[in-house]
Undergrad: 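I'd like to ask you about the structure that follows.
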Amino acid sequence: MAVRSRSDLLQGTLDLLILKTLSTEPLHGYAIAQRISQFSRALLQVPQGSLYPALHRLENRGWVDAQWDRTDTGREAKFYKLTRVGRQQLEREVADWQRLTEGIALVMAGASGGTRS
Amino acid sequence: MNWLRRLLEARRLERELDKEVRFHVESRVDDLIREGVDSSEARRRALAEFGCYEPIKEAARDARGTRWLGDLWQDLRYTRRILWSAKGFTLAAVLSLGVGLGANAAVFRVMDGLMFRPLDVPAPSELFFVYRNPTNASRFSHPTYLRLASAVPEAQFAVSTPPVTMQATIHGAAQLVTTQLVSGNWFDVIGVRAGSGRVLAASDDQGKGEPLAAVMSDWLWERQFGRDASVVGSTLMINGLAFTVAGIAEPGFQGLIVGTPSDLWIPVHSQHEVRHRSSASTDDADSSAPWVPQEGVAWLVLLGRAPAAFDRTRLLATLEAKHQQILQARVEKMEDADRKARILRERLSLIDGEHGLSTLRERLAPALRVLMGMSLLVLIVAAANLANYLLARGAVRRRELALRLAIGARRGRLIRQFLTESLVLAGLGGALGIALALWGGRLLLVIVSTTSNPVPVNLPIDWRILGFGAALTLLTGLGFGLIPALRLSRPDVGDALKTGGRVIDSVGTGRFRFPLVRVLVGVQVALSLLLVVAAALFQQTFRNLVHLDAGFDRETVLDVRFDTRLAGFEPAQLPALHERLIAEASRVPGIRSATLGVVGPATGAERIGTVTVDKYVPGPDEEPRIWEDAIGPAYLSTMGMRLIEGREFDNRDHVKSQQVAIINASMAKRYFGEGSPIGRHFGYGEPNQFEVVGVVADTRANGLRLEVPPLAYFPLTQRPNEYARNLYVRVDVHPDAIRKPLEDAVRRAAPSLAIREVVTLAELTERTVATERMVSRLAVVFGIIGVIVAVLGLYGTIAYSVARRTNEIGVRLALGASPGQVRGMVLRETLMLVGVGVLAGVALVLPAGKAAGALLYGLTARDPRTLIIASVLVLAIGLVVGAFPAWRASRVDPTRALRTD
């Protein structure tokens with residue numbers, strides 16, 4: 001059966017996470033998944049089924065560039081690199097994310113307090 | 001990576017994805033092993049963590065965004081397999097669609113060429129013609145044109161005569177060409193340039209003295225001169241006058257009259273020298289003096305061009321005001337108050353010039369519309385076949401469809417596949433149809449041509465035709481493919497899987513469920529009946545017309561047509577010339593008698609005069625008109641016309657004796673009332689100079705279909721300035737044997753005379769009903785096609801129905817039914833189907849008949865005999881078609897049938 005259960009929110013967030021992870025250095029798919037898990041102190045586990053479609057989507061949009069290269073162990077892997085446009089997109093998404101979280105936080109606070117003027 | 005690359009490199013990308021995923025899994029395994037997990041356990045865990053691989057591939061594919069194309073390719077390959085596996089059906093469907101679409105496109109081509117296509121000139125919407133109401137002539141005099149033109153400086157005006165026949169000397173031989181006299185600025189106003197040399201200019205608008213310029217059409221140049229460049233600048237004799245060929249018009253330009261192409265254009269001012277005297281109405285004027293300066297000769301068609309921004313109502317108002325001024329000046333000195341009032345009542349109107357003028361268009365428009373309707377019917381019948389075919393195939397594949405739905409195919413996907421099938425079929429049919437249209441459109445025109453020259457209406461193949469064809473194809477494919485697609489993809493899955501596909505497709509609910517397939521076949525039968533009825537009606541119309549009593553002998557009289565005036569004969573030479581013609585013709589063996597005529601019956605020419613009649617008082621707005629002709633000796637006996645009263649012309653009637661006339665029965669009835677008209681008088685105003693000496697029975701002078709006009713014949717001997725244009729001979733032998741000897745005889749009598757043609761009166765009269773003949777022929781063709789296609793559909797349906805009920809039939813036979821009973825059952829079913837269709841078709845005849853009523857003659861659409869014969873015919877065909885499956889059904893082997901599912 002075809003799986004179409006991803007919510008848009010999760011999809012967008014994953015894009016952000018991937019872009020951010022790649023902002024330091026080019027990585028291959030497995031490394032990205034590891035890194036996200038690492039940094040989030042295991043709070044976030046990237047579902048494998050979402051990772052590669054997301055990477056391909058980002059590649060289609062031109063936000064990342066892909067290249068086959070050899071890893072330290074000598075195996076061939078596809079490395080993803082952030083493009084200039086991708087970097088701009090990352091900034092945009094970071095700004096959006098901060099706005100979003102700020103807004104949610106405010107609403108959460110406002111529910112138990114008065115209105116700010 | 002852009003879209004196109006992703007499309008082309010799909011396979012490579014899939015491989016890469018494979019590699020990537022494998023790398024991912026391997027890396028995970030390595031990590032797990034490093035953490036101390038056992039290798040096989042590590043592998044299991046890694047794979048389990050990764051999850052199902054296929055959805056990832058699917059999702060990645062979706063993300064690539066090129067999925068639909070891959071699906072489409074899959075659909076196409078599947079379609080090809082399906083179509084190939086049922087070759088017979090496919091062929092029948094494609095053929096019937098192709099013919100249906102082709103017929104439509106062919107008729108559309110002709111309609112487009114005649115009616116919709118704007119002229120091929122710059123900004124054709126700016127052009128307009130000026131017409132006079134209520135006069136039918138719609139011509140203006142030259143002085144009036146100049147005055148009207150000066151009244152509206154924002155617009156340009158030009159004049160031309162309608163196309164007329166003239167005699168030109170080409171390569172030493174006299175030939176008839178179609179010519180227009182035009183003002184110098186005519187080409188400029190229309191926007192036509194020269195292909196080589198130059199076209200006429202304002203400087204050509206002067207009297208004689210200068211070498212007169214003529215412009216040749218590209219078509220004539222190619223036809224007669226092989227595009228020889230030396231033609232430009234050479235001298236060309238037209239009606240005995242020398243012209244210099246100043247240039248060739250741009251290729252494709254043939255004048256503004258669609259369907260009547262012009263070969264040459266000469267200056268308006270050459271009218272008198274070139275002896276142009278036709279297509280004019282004179283009022284108080286001398287037609288033998290030069291026409292250009294005369295106010296009383298209305299002979300020019302007025303054309304104008306004004307920028308689109310210029311308000312047409314204002315333009316008309318200005319013209320109207322000026323025209324009234326002109327009319328006032330004209331009637332100032334008139335005494336007859338009635339006539340004055342009548343003239344002042346004249347009004348102008350503007351006619352859109354974008355599509356040119358066309359008598360061909362007027363003549364053919366109603367017929368073409370009816371033909372278009374018929375071809376649409378054929379198309380619907382063919383498309384219904386397509387739908388039935390898809391339904392039948394779909395019903396067979398029901399189980400497969402149910403299975404696909406059960407494992408998760410989306411309904412949209414299935415519908416898409418069905419639509420692909422129907423569109424492919426429609427596309428194939430459409431391609432065939434376009435090919436047929438290219439060939440058929442030309443064929444239609446050939447049928448339409450009435451003159452000896454083919455009608456060169458431009459029928460270019462361009463985006464309109466292709467667009468029309470593509471649109472029809474798409475509509476058919478989508479429209480008739482959608483119904484089966486929607487029906488068959490309904491997810492009543494369990495049902496289909498259980499009963500093995502024997503669920504019936506139907507429309508309606510409850511007690512009134514009609515199987516869809518039968519409805520479609522019923523519609524097909526109804527439409528075929530309509531087509532058959534139409535074919536029969538049009539055939540009968542044509543037969544009615546052709547068998548009308550024309551009033552003269554058609555098979556035994558030949559008409560040699562020429563124009564002595566164009567050949568350059570002077571009036572003084574005429575009596576001798578006429579005598580020579582008759583003498584030489586009479587000498588040819590096989591000729592019983594010979595005579596001359598000027599206008600002649602069924603030639604398309606008319607001469608109309610306004611007369612006053614003794615003791616006849618015209619109504620308030622009436623201008624008594626008669627048609628006229630001048631005839632030679634023994635005319636009535638040569639033509640086989642019947643004299644009712646009085647006498648023929650003879651030696652008593654010469655120039656110095658009493659002016660006489662023979663009138664036809666219609667004229668006698670109209671203007672002379674009850675008593676005998678013999679001895680009474682009529683004329684062109686008091687005193688009435690013509691005495692009626694004979695009354696002849698009516699003839700269909702204007703063609704078979706038109707009303708008989710009141711007609712007066714005058715003796716040529718009393719009209720010494722008349723140029724005869726027809727030599728009539730009555731023959732004893734077969735007409736074909738005598739055509740050549742006749743031509744030779746005429747040439748002997750007058751070597752410089754160009755002969756237009758030699759035809760029997762039968763051929764001439766049949767030309768007047770050429771449209772009816774065309775319609776009847778095409779109606780028969782469409783009728784036959786429609787019936788064949790419907791028969792294919794009917795056969796397919798019955799045969800298929802029998803095949804599906806093999807099981808049931810087996811049961812019946814096993815339980816004791818006789819083969820005859822089984823046959824009867826099938827035949828009854830067929831009969832019901834066809835019967836209902838026939839009834840529906842008969843019901844449709846009434847409204848359809850109203851639409852086409854004008855084309856019929858001698859019978860209405862509700863003619864009971866035609867309806868009965870057509871119904872019986874269709875029923876009989878239906879029974880015959882159903883007989884074979886019925887016979888097959890009765891021969892079913894019960895044991896085998898019971899085992900069949």
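Keep in mind that the numbers below use all heavy atoms, side chains included, and drop hydrogens, waters and symmetry copies. Quick note on labels: first sequence line is chain A, next is B, and so on, each numbered from 1.
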Undergrad: To the nearest 0.5 Å, how far apart are CG in Leu17(B) and NZ in Lys78(A)?
TA: 7.5 Å
Undergrad: Please look at Glu76(A) and chain B and tell me whether the side chain, the backbone, both or neither of the residue comes under 4.5 angstrom of a heavy atom of that chain.
TA: both
Undergrad: Which atoms of Thr73(A) come close to chain B, meaning under 4.5 Å heavy atom to heavy atom: side chain ones, backbone ones, both, or neither?
TA: neither
Undergrad: Within the supplied structure, the quantity of interest is the number of heavy atoms (other residues, nucleotides, ligands) at a distance under 6.0 Å from Glu102(A) CD; does it exceed 12?
TA: no
Undergrad: So for atom CZ, which belongs to Arg75(A), do other residues, nucleotides or ligands contribute more than 12 heavy atoms lying within a distance under 6.0 Å?
TA: yes
Undergrad: What do you reckon, is CZ of Arg416(B) surrounded by more than 12 foreign heavy atoms closer than 6.0 Å?
TA: yes
Undergrad: What distance separates Glu20(B) CD from Phe79(A) CZ, expressed to the nearest 0.5 Å?
TA: 11.0 Å
Undergrad: Which atom names give the shortest non-hydrogen contact between His24(B) and Ala33(A), and what distance separates them?
TA: CE1-CB, 4.4 Å
Undergrad: Write down the atom of Arg28(B), the atom of Tyr30(A), and the distance for their closest heavy-atom approach.
TA: CA-OH, 3.1 Å
Undergrad: Take atom CD in Gln88(A); do more than 12 heavy atoms of anything else shown fall under 6.0 Å from it?
TA: yes
Undergrad: I'd like to know whether Ser27(B) forms a side chain to side chain contact (heavy atoms under 4.5 Å, CB included) with Gln34(A), so could you lay out the CA-CA distance, the side-chain angles of the two residues, the decisive distance to 0.1 Å, and finally the verdict.
TA: CA-CA 11 Å; Ser27(B) 307; Gln34(A) 293 295 85; over 6 Å; no
